[in-house]
Amino acid sequence: MATTEHPPSRLRGWMLQGLSDMGKRGGLTGPHAEPEPPHRGQRWWRVMCLTGVDYFSTLGYQPGIAALAAGLLSPLATIVLVVVTLAGALPVYRRVAEESPHGQGSIAMLERLLSFWKGKLFVLTLLGFAATDFLITITLSAADASTHLVENPHLTGTLGGHQMLITLILVALLGAVFLKGFLEAMGVAVALVGIYLALNLVVVITGLWHVLTAEQVVTDWANALTAQHGSVFVMIGVALIVFPKLALGLSGFETGVAVMPHVQGEAGDTEERPVGRIRDTKKLLTTAAVIMSCFLITTSFITTLLIPAAEFRPGGQANGRALAFLAHEYLGNTFGTVYDVSTIAILWFAGASAMAGLLNLMPRYLPRYGMAPHWARAVRPMVIIFILIAFLVTWLFDADVDKQGGAYATGVLVLISSAAIAVTIAARRAGQRGWTIGFGVISAVFLYTTVANVIERPDGVKIGACFIAGIMLVSLLSRLARSFELRVTSVAMDPMAERFVRDMASRKIRFIANEPDNRDRAEYRDKIEQIRADNDMPEQEDFVFVEVTVADPSEFETCLTVRGEVLHNRYRVLTVESSSIPNALAALLLHVRDTTGRTPHIYFEWTEGNPFANFLRFFLFGQGEVAPVTREVLREAEPDRARRPRVHTG
């Protein structure tokens, strides 16, 4: 029997090895790892390459998507995208870096603005769109990498028609790497970004040279534009209308803030205000945006003028690989193959960055809300789940880059819009009228872009809604299953509270759970008389009252601060503030037992009303059927019945 049970035990141990490793300090890996030690880290330009594997890799497919969306107007529509990037997204995220200097991002900013359950549900909704963003990054990047493989002249005869299989293999390979253990590789990111940008620069210069030396190309393009759209004003109007379809070029800003903890600070930085880190993160964001803007404009220009429109469509040689098409066409198959290899590598690493983001984003919020099962704290089960979802998404979209563009853009735009709204509110609270108006306008632009993208391509909302529904369902079920956990991380007692406990330790320790009302002399006198009558106790027994005030019932874990006071010169009262009355009482009883070595007793009166309704009150608002729930929390926390504090109800 031992032999048959051993393999499952080993498998379980391997699967659950390093619980929360990617959520604990020092255990995170990948671009979203834990902060470097104070005043240490990496130079900002090196950290920029971590976000660059996500941001810059979009050059692999962005020019082709822009050409399909805007046609001959692609360069003009891309200029609109660049204006929105530099005048909209960049100022927003520079402000996010100021307001959230430890890499929490815009989601954490909005979390601080909303409390109770509405805040939690709002964050869960944003997490759904963030999951859409990261997962589509994985599947879209793998699909585009497979496109570069299949369309390579040296491999098209062998791999043609197998794009779906190749994409699934690349996604599976990504999962295998994370199951083995993904170590942060800043140097790899720097090398990949450096080589990729250098190769793109060669392609851009070559393309511009061919455009400038063949004058009829520009003339033909200008004549076609005029014939198709008439005046310049019509062109600008159409470019503004089609701009939302190009929103993929905005991806990478949220990741840029997430990697912020890796940026090297200066000697005067403090944990509360890392001035040097904030300053250099702004350099990072600005430099990345300027580099990407230059490439976006130039690549859209040369691809639109040099590649026949038919080649951009599905089945065409430039579909999903416009720059690679130019690299092979004008620089030869050898250079083109090197370019393909570089593109495949950075696209794959962008998928790795997205997977690391998923594995770090969920533990940042869900466990704190009590909305993640215990096994979700382990990396490997979550990797398997995300890879299976990526397989499903790849199959649903047929490993097609163009089909996934809308879903990806929706996730990106929702996060940017939420960031714009967050900084608008932050500026308003700071009394900065000019910035409030400016950020308000930017928010309106991004909200319009998001709505337009959703109307045009609803796939992103559908996928986001599926993720949101899944996260909500799993989160609420997990919260329900973990309701009876001891959800208190620490207990601290002030001197008066310690004195009360020390005085009682010489005899029986008896507490009365009291729901504070008027807190007058009659309330405490009547409560003692009721407890004595219900439990048939002699008058010489003395008690200490415990009163728990529920602060934010949506919070899961909390620290208890116990304060003692004497009311009406007679009644000793311990006051506690917590997210849940039963969990706070159980934690206090266990703390008293451990510090005194005596078994405490606590007395309740039964709660009136329907038991199911009372349980819902406990689940949602931290109160309700207090006595039996307190006993259940104690039972789960202390399996030894002899050592368990006593609960009395009358």
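In what follows, residues are counted from 1 in the order of the sequence shown. Since the structure is predicted, the reported quantities are computational estimates derived from the model, not experimental observations. FYI, side chains are in, hydrogens and waters are out, and symmetry mates aren't considered; it's all heavy atoms of this structure.
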Phe511/Tyr603 under ring pair (Phe, Tyr, Trp, His ring centres under 6.0 Å): CA gap, chis, key distance, verdict: CA-CA 6 Å; Phe511 295 108; Tyr603 297 85; 9.7 Å; no

Side chain Ser578, main chain Val550, donor-acceptor under 3.5 Å: no

Side chain to side chain contact (heavy atoms under 4.5 Å, CB included) evaluation trace for Phe604 with Ile512: CA-CA 7 Å; Phe604 297 88; Ile512 293 178; over 6 Å; no

Heavy-atom side-chain proximity of Lys527 to Phe545 below 4.5 angstrom: yes

Single hit among Val412, Ile468, Thr450 for side chain to side chain contact (heavy atoms under 4.5 Å, CB included) with Phe129: Ile468

Val544 side chain reached by Leu574 side chain, heavy atoms, under 4.5 Å: yes

Expected output: side-chain Thr424 to main-chain Phe439 donor-acceptor under 3.5 Å: yes

Reported CZ-to-CE distance for the pair Arg499 and Met504, which is rounded to 0.5 angstrom: 12.5 Å

Verdict with reasoning, Arg519 to Tyr524, per side chain to side chain donor-acceptor pair (under 3.5 Å): CA-CA 7 Å; Arg519 304 193 82 197; Tyr524 295 105; 3.1 Å; yes

Min side-chain heavy-atom separation Val562-Val491 under 4.5 Å: yes

Test: Arg644 and Glu638 ion pair at under 4.0 Å: no

Expected output: side-chain Thr51 to main-chain Val47 donor-acceptor under 3.5 Å: no

Closest heavy-atom pair and its distance - Thr596, Val501: CG2-CG1, 3.5 Å

Distance-only donor-acceptor check, side chains Glu547 and Asn514, under 3.5 Å: yes

Minimum side-chain heavy-atom gap Met109-Val96 below 4.5 Å: yes

Nearest non-hydrogen partners of Val576 and Ala584, listed with the distance: CG1-CB, 4.4 Å

Validation row: Met496, Arg563 side chains within 4.5 angstrom (heavy atoms): no

Beyond-backbone contact of Thr595 with His591, side-chain heavy atoms, under 4.5 angstrom: yes

Heavy-atom donor-acceptor pair, Asp640 side chain to Ala642 backbone, under 3.5 Å: yes

Side chain to side chain contact (heavy atoms under 4.5 Å, CB included) evaluation trace for Ile136 with Thr139: CA-CA 5 Å; Ile136 298 296; Thr139 58; 4.0 Å; yes

Non-hydrogen atoms of Ser506 and Arg598 that approach each other most closely: C-NH1, 3.8 Å

Thr599 vs Arg646, side chain to side chain contact (heavy atoms under 4.5 Å, CB included): CA-CA, chis, key distance, verdict: CA-CA 7 Å; Thr599 301; Arg646 304 294 193 262; 3.9 Å; yes

Check: Val263 main-chain N/O paired with Arg277 side-chain donor or acceptor under 3.5 Å: yes

salt_bridge(Arg635, Glu632) N-O dist < 4.0 Å: yes

Backbone of Arg643 reached by a side-chain donor or acceptor of Arg593 within 3.5 Å: yes

Exceeds 12 heavy-atom contacts within 6.0 angstrom, atom CZ of Arg507: yes

4.5 Å side-chain heavy-atom contact, Leu126 and Phe122: yes

Leu415 backbone acceptor or donor facing Ser418 side chain under 3.5 Å: yes

Those residues that, when tested against Glu577, pass salt bridge (Lys or Arg N to Asp or Glu O under 4.0 Å) (two or more places apart): none

No-hydrogen, no-angle side-chain donor-acceptor test under 3.5 Å, Gln432 and Arg95: yes

Thr575 side chain near Val573 side chain, heavy-atom distance below 4.5 Å: yes

